[in-house]
Amino acid sequence: MKVPLKWLKEFVSVDAPVEEIARRLTVAGLEVENIERVSASFSGVVVARVLEAAKHPNADRLSLCQVDAGPAGRFSVVCGAPNVRSGMTAALARVGAKLGAEPELQAAVIRGVRSEGMLCSERELGLSQDHHGILSLPDDAPLGAPLADYLGLDDVVLDIAILPNRGDALSILGVARDVAALFGVRLRTPRIRPLAVERHQGDGASSSFAVRIAAPEQCPRYAALKMTGVRVAPSPIWMRRRLELCGMRGLNNVVDATNYVMLETGQPLHAFDLDKIAASTIVVRHAGSDREFVTLDNVRRALESTDLVIADPEKPLAIAGVMGGLNSEVGLSTRTILLESAYFEPMTVAKTARRLGLRSEASYRFERGIDRAGQTTALMRVAELLKRHAEARPEGAVADFEPRPAPVREIALDLKRMGALLGVELSAADTKRRLVSLGASVKRAETRGVLSVTPPSWRSDLNEAADLAEEVARLSGLEEIPASLPPRLFAYAEPNREREFFKGTREVMLGAGFTEIDTIAFIAPADNEKFTGIGNGEPLRVQNPLSEELREMRRSLVPGLLAALSFNLNRQATAFHAFEIAKVFARVNSAVSERYHLGALSYGEYALAEIGKPGVKAGFFTMKGVAETYLGALGLAERVRFKAPTGEHQLNFLHPGRSALILLADEPAGYVGELHPREAMERGLEQQCTICEIDLDRLISYGLSPHAAIEAPPRFPAVRRDLALVLEREFPADLIVKTIREMAPSLLESVEVFDVYQGDAVAPGKKSVALALRYRAADRTLTDEEVNRTHAVLMEQARARLGAELRK
Amino acid sequence: MKEQLDEIRRRALDELADDASDEQIEAVRVRVLGRSGELTQVMRGMRDVPAAERPAIGQLVNQIKRELEERIEKLKQRLAEAALERSLAEARLDVTLPGARIPRGRIHPVTHIMERMLDIFVSMGFEVAMTRDVEDDFHNFEALNFPPDHPAREMQDTFLVGGGLLLRSHTSNGQIRVMEQRKPPLAVVCPGRCYRRDELSVRASPMFTQIEGFMVDRVGRITMAHLKGVLIEFLRAFFGPETGVRFRSSYFPFTEPSAEVDIHCLLCKGAGCRVCKHSGWTEILGCGMIHPNVLRAVKLDPEEYQGFAFGFGVERPALLRLGVDDMRLFFENDLRFLNQFPSLSGAAA
């Protein structure tokens, strides 16, 4: 809402500097976003009267005018405007005047006659694009006065962000009310000469038109006035100037007057050409079977049956509260008008305006709630302006139809309760004074310490005691509320499980050399198709995405990691090790699942060796090592298994031979693997790209394994014996370890693979796996003989069970 | 016999000069002390010595033996010492070369800043609760006192995913989710991701992070004064003890009274500059006393309970705090940006 300060000051006298006004409004909830100083784009122009306009002696199209600029003197001026005539009041640019970016005005000889200045058009003055003729000023304009002063062109415009609940502040008067209350000064409401009002409970007819309200739920009040003898013309320059400062454009004196009053009072108004209304009858009804309608801006709009329209018995004339129609537009030929000033329900207007994508100044105000009782006053104010500027005369009384009177609002304000809410006690007198300054009427209620408050009709947002408390607090800018800390009366609460879990996860990943990234959850359907993640379910589609590329919610964190990899490789990075902890989404049956995942990607040199020695490249085993470290840190090492993917768990985006499912208690909880070479090639990746994804919600809900009972370190030494088995190349190493463990000779403490050999020394298709076995007894040092005996039995058993050969 | 022994000793000591080499020393040791060395030979000749002299000769042999052994030991140590000195001089490293390592990763700045914020609230007695991203209309809007078609609702700003579900447009759903489950007293912060239909740009992102916080107890125990106190405490903990804080009346459907909180512009410290549009202030969060309708929606009687709520985005204060001005930096994941952040979670943000 743009508020020119001069206009504001017509309603409220404040001497405070504009910055102080802006500051107080801002802390009271009317945030002044900008203070703009505007000024005339000219200087040296004064008000002057054309005493005589004679034909130029040497040119048919020019006039030679004698001009009286009062105290400034009399001048002889050549003028080419077709509308110059003796007796008119005009704008005289004197010698030395500056008009916009033009050089200083010089005296000139035009067709042999000297001209001591220039009579200006609006365009020359930078007031509008109008260049049909010179600007015509009202006859009461003081001669010789600087034009900029007379038109009030030097001004300050406050740009105020109006909050959605403050429809009442969408007017100069509304802002003035808050200024008056904030500064403790009186509000001067415009003095309007009253017109007779005819009140109707329901439908009815005045002497010259009829109104029927078929939708009183959406239109509880509808006031109208007929005016005749209208002469449609441009409106006065000062009015157009104000409309412009408020961001509107001047059209003609009728439309401008309705807009002017809307800006002033907040009440949207509409003027119909009454001669275009069939049977002089207005019907306020739902669109029903009317399917479309051409609005004033000459756009054909589709209607829905529930839209509220203003119609005559034959056709719709306007979309209520949104925009008028071309079929009843006021034009140059209009002589008789019907002025409408109504209250439409905010939601009705909001719904229609939103659907049509048509936000007008009127709909904006109706949506936010206008003064529930301001209809007839606004109508009288327009009538007054039209009388003065469009020669219009009211015919008959203002007809005021109110099928549904405003409900009475009376709010009990318990002062103690208010104090308990705000944390500061305010006296009854102080509270009352503040509420009254906002226009409320306040009485003491029967209960002690309770005020009975009737909010003003323009504050539809005040409905509960809390609303009133806010008003009371707002007027002091919330400054009188002290800041204090609440007593700590909350019992100990467990730290948040997920947060602690993520912190731990992050710590492990940082230590493993991975940098945390943050990617956006929206991805392209093609990426979801390819990177299916761990769980099942269909991709979650966004119905109103920003673009096709952001159409779905990710099922996996991998697309984001790969995009970040490419972004960095394109910027000369040679290695990239990153992880993300974030949600992935899917639709499973009819429910939506959202689960936290850990995603990690490793590319390029991983461990940096000392200079001159080869480093370690990221690959399947470095990533698997990270996963093992992580799961081990969680205490899950014993319950997790890595398994080559087969059958239903095949992951097509991974290298089939260099990937593994991570099974937690035999159910998939993630995977680790190299990106499929085909995919890597498409992305132009020159080195192995390894990824890992783990379902963190699965881990959290599985529960971290509680630490086993703690034991003192063993007191007797362990004895190591090695074992080398030759088996089929495909035989998984973990199965060898598992098999030996299951044989579980009592002295065996641990089994570990320490080497795998494939080559000339073993048969083709075979491999040799070397294992280190440790034997230990809890109560004695083992003798060699004892160990050898046990180991010999184990070797033989292992060979037999695994179908392996012993390698010597 | 004695003369013979003296001669063996003298010759051996001559050869075991200070500059004797390893080989020379070894040669002496073998010749004199060896299994069939000179001293052994002498001992073998003992039977020819009169019995009375034998103990004295034996003693002398042992004495010489000990003396030579000590001498050899000393020379060997000296040689070892010299060899060590030589090798130390040769094995000198360029200690300025980098070490072998796995470079530690970095924490994302948004995480880092959010964790710092949560730590402040936790230290003040707040719990942390995580709630859903995919939400229904009731929890995202209706229970928060946004009636249908309310202008503040602006559905164009919200992503819809069908079946009456949407992506939450703020973390305020956390208030509802938590209060449905638990009764006051409550002091909870809900961090999380939110979604709005804004293109990724310098100032906005379709996905961003918010922290919602609220405190509810019986009427009178949690007031607007406490709201001010808690938020000022938080803002000064986060932005520094000198930070200027201003409360400004505002509007949110789910609070009444509502306020917006500004802090002094971090760049000009309140003097007014281009960044704060010459106001001296930067808007940082929204807050207020929980609206009675919100309490009703979670079946709490507003005559019995009251509390405050606040909410703010994490990315914007993070930008302010870091002194950079482009939201996209957080989502591009450029290592040259990320590598400037700490790799220890405790390090000061």
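Atoms considered below: every heavy atom in the structure, side chains included; atoms not considered: hydrogens, waters and symmetry mates. A note on names: the letters A, B, ... follow the listed sequences, proteins ahead of strands, and every chain is numbered from 1.
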So which of A/Ile481, A/Val424, A/Thr26, A/Leu30 has the largest heavy-atom pair count under 4.5 angstrom toward chain B? A/Ile481
Part of A/Arg541 lying under 4.5 Å from any heavy atom of chain B: backbone
Against chain B, label A/Ala512 side chain, backbone, both or neither, depending on which of its atoms sit under 4.5 Å from a heavy atom there. backbone
Would you mind checking which part of A/Glu479 comes under 4.5 Å of any heavy atom in chain B, side chain (CB onward), backbone (N, CA, C, O), both or neither? backbone
Under 4.5 Å from a heavy atom of chain B, the part of A/Leu608 involved: both
How close do B/Val219 and A/Ala420 get, heavy atom to heavy atom, and via which atoms? CG1-CB, 4.3 Å
Taking side chain as everything from C-beta outward and backbone as N, CA, C, O, which of these in B/Tyr195 sits under 4.5 Å from a heavy atom of chain A? Side chain, backbone, both or neither. side chain
If we define contacts as heavy-atom pairs under 4.5 Å, which of B/Glu332, B/Glu303, B/His291 has the most with chain A? B/Glu332
Is atom CD of A/Gln572 surrounded by more than 12 heavy atoms (other residues, nucleotides or ligands) closer than 6.0 Å? no
All heavy atoms of B/Leu160 vs all of A/Asn544, minimum pair found to be N-OD1, 2.9 Å
Given A/Phe502 and B/Glu115, is the side chain to side chain contact (heavy atoms under 4.5 Å, CB included) satisfied, shown in steps? CA-CA 11 Å; A/Phe502 299 155; B/Glu115 282 297 319; over 6 Å; no
Which residue out of A/Val542, A/Val472, A/Leu422, A/Ile581 racks up the most heavy-atom pairs below 4.5 Å with chain B? A/Leu422
Crowded around A/Glu549 CD? As in, over 12 foreign heavy atoms under 6.0 Å? no
Measure distances from A/Ala521 to the heavy atoms of chain B and classify the residue's part below 4.5 Å as side chain, backbone, both or neither. both
Need one label for A/Ala161: side chain, backbone, both or neither, based on atoms under 4.5 Å from any heavy atom in chain B. neither
With a 4.5 angstrom heavy-atom cut-off, which part of B/Met130 approaches chain A: side chain, backbone, both or neither? both
Say whether, by atom type as modelled, one donor and one acceptor occur between the side chain of B/Arg221 and the main chain of A/Pro486 under 3.5 angstrom. no
Toward chain B, the part of A/Tyr596 with a non-hydrogen atom under 4.5 Å: side chain
Selection from B/Gly307, B/Gly288, B/Ser258 maximising heavy-atom pairs under 4.5 Å formed with chain A: B/Ser258
For the side chain of A/Glu516 and the backbone of B/Ile107, is there at least one donor-acceptor N/O pair under 3.5 Å apart? no
Decide side chain to side chain contact (heavy atoms under 4.5 Å, CB included) for A/Val27 and B/Ser249; before the verdict, give the C-alpha distance in whole Å, the side-chain angles of both, and the deciding distance to 0.1 Å. CA-CA 6 Å; A/Val27 293; B/Ser249 190; over 6 Å; no
Could you give me the CA-CA distance, side-chain angles and deciding distance for B/Arg248 and A/Glu31, then say whether salt bridge (Lys or Arg N to Asp or Glu O under 4.0 Å) is met? CA-CA 9 Å; B/Arg248 172 156 71 69; A/Glu31 188 188 354; 3.5 Å; yes
Pair A/Arg499-B/Glu127, salt bridge (Lys or Arg N to Asp or Glu O under 4.0 Å): steps then yes or no: CA-CA 11 Å; A/Arg499 181 180 178 224; B/Glu127 285 176 59; over 6 Å; no
Which atoms of B/Ser205 approach chain A - backbone, side chain, both or neither, heavy atom under 4.5 Å: side chain
Nearest non-hydrogen partners of B/Leu167 and A/Met553, listed with the distance: CD1-SD, 3.6 Å
Partner of A/Ile517 under side-chain contact (heavy atoms from CB on, under 4.5 Å), chosen from B/Asp334, B/Thr111, B/Asn333: B/Asn333
For A/Phe514, is it the side chain, the backbone, both, or neither that has a heavy atom closer than 4.5 Å to a heavy atom of chain B? backbone
Counting only heavy atoms closer than 4.5 Å, note whether A/Lys613 contacts chain B via side chain, backbone, both or neither. neither
A/Arg587 versus chain B, the contacting section by heavy-atom distance below 4.5 Å: side chain
Could you tell me whether A/Lys416 atom NZ has more than 12 heavy atoms of other residues or ligands within 6.0 Å of it? no
Any donor-acceptor pair under 3.5 Å from A/Glu610 side chain to B/Pro98 backbone: no
Could you go through B/Arg296 and A/Glu464, starting from their C-alpha distance and side-chain angles, then the distance that decides it, and tell me whether this counts as salt bridge (Lys or Arg N to Asp or Glu O under 4.0 Å)? CA-CA 14 Å; B/Arg296 286 180 194 119; A/Glu464 297 206 46; 3.3 Å; yes
Under 4.5 Å from any heavy atom of chain A - which part of B/Asp94: neither
Please flag which part of B/Arg246 lies under 4.5 Å from any non-hydrogen atom of chain A: side chain, backbone, both or neither. side chain
Examine whether an atom of B/Phe330 lies under 4.5 Å from a heavy atom of chain A, and if so say whether it belongs to the side chain, the backbone or both; otherwise answer neither. backbone
Hey, what do you get for CZ (B/Arg106) to OG1 (A/Thr515), rounding to the nearest 0.5 Å? 7.0 Å
Among the options A/Ser484, A/Gly423, A/Gly29, pick out the one with the most heavy-atom pairs lying under 4.5 Å from chain B. A/Ser484
Hey, can you tell me if A/Phe522 and B/Phe159 have their rings parallel, tilted or perpendicular (30° and 60° cut-offs)? tilted
Measure B/Leu165 against the heavy atoms of chain A and call it side chain, backbone, both or neither at under 4.5 Å. side chain
Region of B/Pro302 that comes under 4.5 Å of a non-hydrogen atom in chain A: backbone
Would you mind telling me which of B/Phe341, B/Phe126, B/Phe247, B/Phe208 has the largest number of heavy-atom pairs within less than 4.5 Å of chain A? B/Phe247
Which atom names give the shortest non-hydrogen contact between B/Ala100 and A/Ala609, and what distance separates them? CB-C, 3.8 Å
For each of A/Pro545, A/Ala573, A/Gly477, tally heavy-atom pairs with chain B at distances under 4.5 Å, and name the one with the top tally. A/Pro545
In terms of heavy-atom pairs under 4.5 Å with chain B, which of A/Tyr606, A/Phe576, A/Phe567 leads? A/Phe567
Using side-chain heavy atoms (C-beta onward) and a distance below 4.5 Å, is B/Thr255 in contact with A/Glu470? no
Heavy-atom pair count under 4.5 Å with chain A, highest-scoring of B/Leu338, B/Ile232, B/Ile102, B/Val110: B/Ile102
Under 4.5 Å heavy-atom distance to chain B, tell me which part of A/Ala466 shows up: side chain, backbone, both or neither. both
Take B/Met224 and A/Leu478, measure what side chain to side chain contact (heavy atoms under 4.5 Å, CB included) needs, and give me the verdict at the end. CA-CA 10 Å; B/Met224 194 149 184; A/Leu478 307 176; 4.2 Å; yes
Scored by heavy-atom pairs under 4.5 Å with chain A, the best of B/Leu97, B/Leu118, B/Leu227 is B/Leu118
So, the part of B/Glu135 with a heavy atom under 4.5 Å from chain A: the answer is neither
Using distance alone, with no hydrogens and no angle criterion, decide if A/Arg417 and B/Gln306 have a side-chain donor and acceptor under 3.5 Å apart. yes
Taking A/Asn568 for its side chain and B/Leu335 for its backbone only, find out whether a donor-acceptor pair lies under 3.5 Å. yes
Do you know which two heavy atoms are closest between A/Leu510 and B/Arg104, and how far apart they sit? O-CG, 3.1 Å
Looking at A/Leu485 and B/Met124, what are the two nearest heavy atoms and their distance? CD2-CE, 4.4 Å
